[in-house]
Amino acid sequence: MIGLLNAYHCDEENAPPYQLEYGPMCEDFLRRVLPGQAVTTFQVALGKKPESVDQCEAWIITGSPKAAYDKDLWITELGEFVRQIHDQKKKLIGICFGHQLIAHYLGGQTAKSDNGWGVGVHEFRMLKSKPWMRPEFKHLSLLFSHQDQVVKLPPGAELLAENAFCPYQMYTIGNHILSLQGHPEFNTGFAKGRMDSRVAAIGQSKYDLAVKSLSRPTHSTEVGGWMNSFIKGS
């Protein structure tokens, strides 16, 4: 059983449409890339948390409109849950907010990027190869949507990927934590909708370039395959 810790749906009564759309999109992605795996969702941003780290064999923390360093009770509780997972060396994958939260609560640092918003399709360079990275790539592209990023890796982290905009793109800790800044679960419609809602914050010229980038192919399916192999330990 894979536990999906949905940190995107933050408002139960007045949730904007994108928060409601994210969960089904993410679950659909996981059904495609984790064949044969049962996935159960926990709406952690609404305070609906797992009973224990042993409730599932592996865990995935999603993206979120919140920041990893925010002091909301559910965020600090999720951070403590990350520490428990790490202590027991259960499999854990962090995506965007999840990537940043893992770093923040395991001794690294997350902060707003001096480069502003990272949106659209971005390419990054792989620095190392692992047995679960099959097929192997030197460069990958994914959809991105973030203003925060990891600025200091947690102790024991091994950097796997980088680019100029976000130097800490992907890292592992031991054989049990995989963390990545990009959004393999996003589709282009969702990504554009999120950009459309924050054009002023992103900046018109960056927004225009990001919209044009959406026509480029991504490696979301391949990264999903890596996630599957990582969880299985192959």
Side-chain angles (χ1 to χ4, degrees), residues 22 25-26 28-30 32-33 60-64 68 93-103 108 110-153 157-173 177-199 201-230:
Y22 179 82
M25 177 184 66
C26 192
D28 179 65
F29 167 75
L30 294 178
R32 289 188 287 108
V33 302
I60 299 172
I61 304 175
T62 72
S64 177
I93 295 176
I95 297 171
C96 194
F97 168 83
H99 164 81
Q100 298 159 10
L101 185 87
I102 292 168
T110 295
K112 286 214 169 12
S113 171
D114 293 336
N115 296 321
W117 280 91
V119 287
V121 176
H122 286 227
E123 183 180 272
F124 51 95
R125 180 170 67 96
M126 299 305 302
L127 302 174
K128 296 181 181 180
S129 178
K130 297 290 183 180
W132 43 267
M133 291 179 175
R134 299 293 182 269
E136 188 175 345
F137 295 92
K138 295 296 184 183
H139 295 86
L140 289 169
S141 293
L142 287 175
L143 286 160
F144 285 79
S145 180
H146 68 108
Q147 189 177 19
D148 291 342
Q149 59 179 262
V150 174
V151 296
K152 177 185 175 184
L153 290 175
E158 181 180 10
L159 184 63
L160 300 183
E162 66 176 5
N163 69 6
F165 185 87
C166 179
Y168 301 126
Q169 282 283 347
M170 184 183 300
Y171 63 86
T172 53
I173 301 177
I177 293 178
L178 169 62
S179 191
L180 58 150
Q181 180 59 64
H183 280 283
E185 82 285 18
F186 270 19
N187 58 49
T188 55
F190 187 88
K192 186 174 185 300
R194 296 304 295 123
M195 290 192 293
D196 290 347
S197 72
R198 48 170 74 115
V199 177
I202 294 169
Q204 188 66 52
S205 60
K206 182 179 286 188
Y207 167 84
D208 291 341
L209 289 171
V211 170
K212 289 181 181 178
S213 77
L214 297 180
S215 63
R216 291 162 44 194
T218 71
H219 295 88
S220 62
T221 298
E222 290 83 357
V223 171
W226 287 6
M227 292 166 59
N228 186 38
S229 295
F230 180 81

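A quick note: this is a predicted structure, and the numbers were derived from the prediction, not measured.
Remark: side-chain polar atoms of Y171 are paired, donor with acceptor, to backbone N or O of A103 under 3.5 angstrom. In this structure, the side chain of W226 engages the main chain of P135 through a donor-acceptor pair within 3.5 Å. Under a 3.5 Å cut-off, the side chain of H99 and the backbone N or O of G94 do not form any donor-acceptor pair.
For the pair M227 and I60, the minimum side-chain heavy-atom distance is below 4.5 Å. Side-chain contact between L178 and I93: present, with at least one pair of heavy atoms (C-beta onward) separated by less than 4.5 Å. Considering only heavy atoms from C-beta on, T172 comes within 4.5 Å of W132 through its side chain. Looking at N163 and E123, their side chains never come closer than 4.5 Å, going by heavy atoms from C-beta outward. Within the 4.5 Å cutoff, no side-chain heavy atoms of I95 are placed close to those of T62.
Under the side-chain contact (heavy atoms from CB on, under 4.5 Å) criterion, A111 pairs with V151, not counting sequence neighbours. For L159, the side-chain contact (heavy atoms from CB on, under 4.5 Å) criterion is met by L127, L153, Y168, not counting sequence neighbours.
Among all heavy-atom pairs drawn from R198 and S145, the shortest one is NH1-OG, 3.3 Å. Between P131 and R134, the shortest heavy-atom distance links the atoms O-CG, 3.5 Å. Nearest heavy-atom pair across G182 and L142 is CA-CD1, 4.1 Å. Scanning both residues, S220 and P184, for their nearest heavy atoms gives CB-O, 3.2 Å. The nearest pair of heavy atoms linking T188 to L214 is CG2-O, 3.8 Å.
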Applying side-chain contact (heavy atoms from CB on, under 4.5 Å), run through L143 and N187 and close with a yes or a no.
CA-CA 8 Å; L143 286 160; N187 58 49; 5.7 Å; no

Criterion side-chain contact (heavy atoms from CB on, under 4.5 Å) on K138 and S129, from CA distance to verdict:
CA-CA 9 Å; K138 295 296 184 183; S129 178; over 6 Å; no

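Separation of atoms CD (E162) and CZ (F124) is listed at 11.5 Å; rounding is to 0.5 Å. Of the inter-residue distances, the one linking D148 atom CG with C166 atom SG reads 10.5 Å to the nearest 0.5 angstrom. The CZ atom of F186 lies 11.5 Å from the CZ atom of F29; values are rounded to the nearest 0.5 Å. From M126, atom CE reaches atom CE of M170 across 4.5 Å, with rounding to the nearest 0.5 Å. Between H139 atom NE2 and R125 atom CZ the span is 6.5 Å, to the nearest 0.5 Å. Note that CG of L140 and NE2 of H122 are 14.5 Å apart. Values are rounded to the nearest 0.5 Å.
The aromatic rings of Y22 and F190 are tilted relative to each other, their planes meeting at an angle between 30° and 60°.
Between Q100 and Q181, the side chains place a donor N or O and an acceptor N or O closer than 3.5 Å (distance only, hydrogens not considered).
Note on residues 204-218: pairs passing side-chain hydrogen bond (donor to acceptor under 3.5 Å, both in side chains), not counting sequence neighbours, are D196-Y207, Q204-D208.
Between H146 and F165, the ring center distance clears the sub-6.0 Å criterion.
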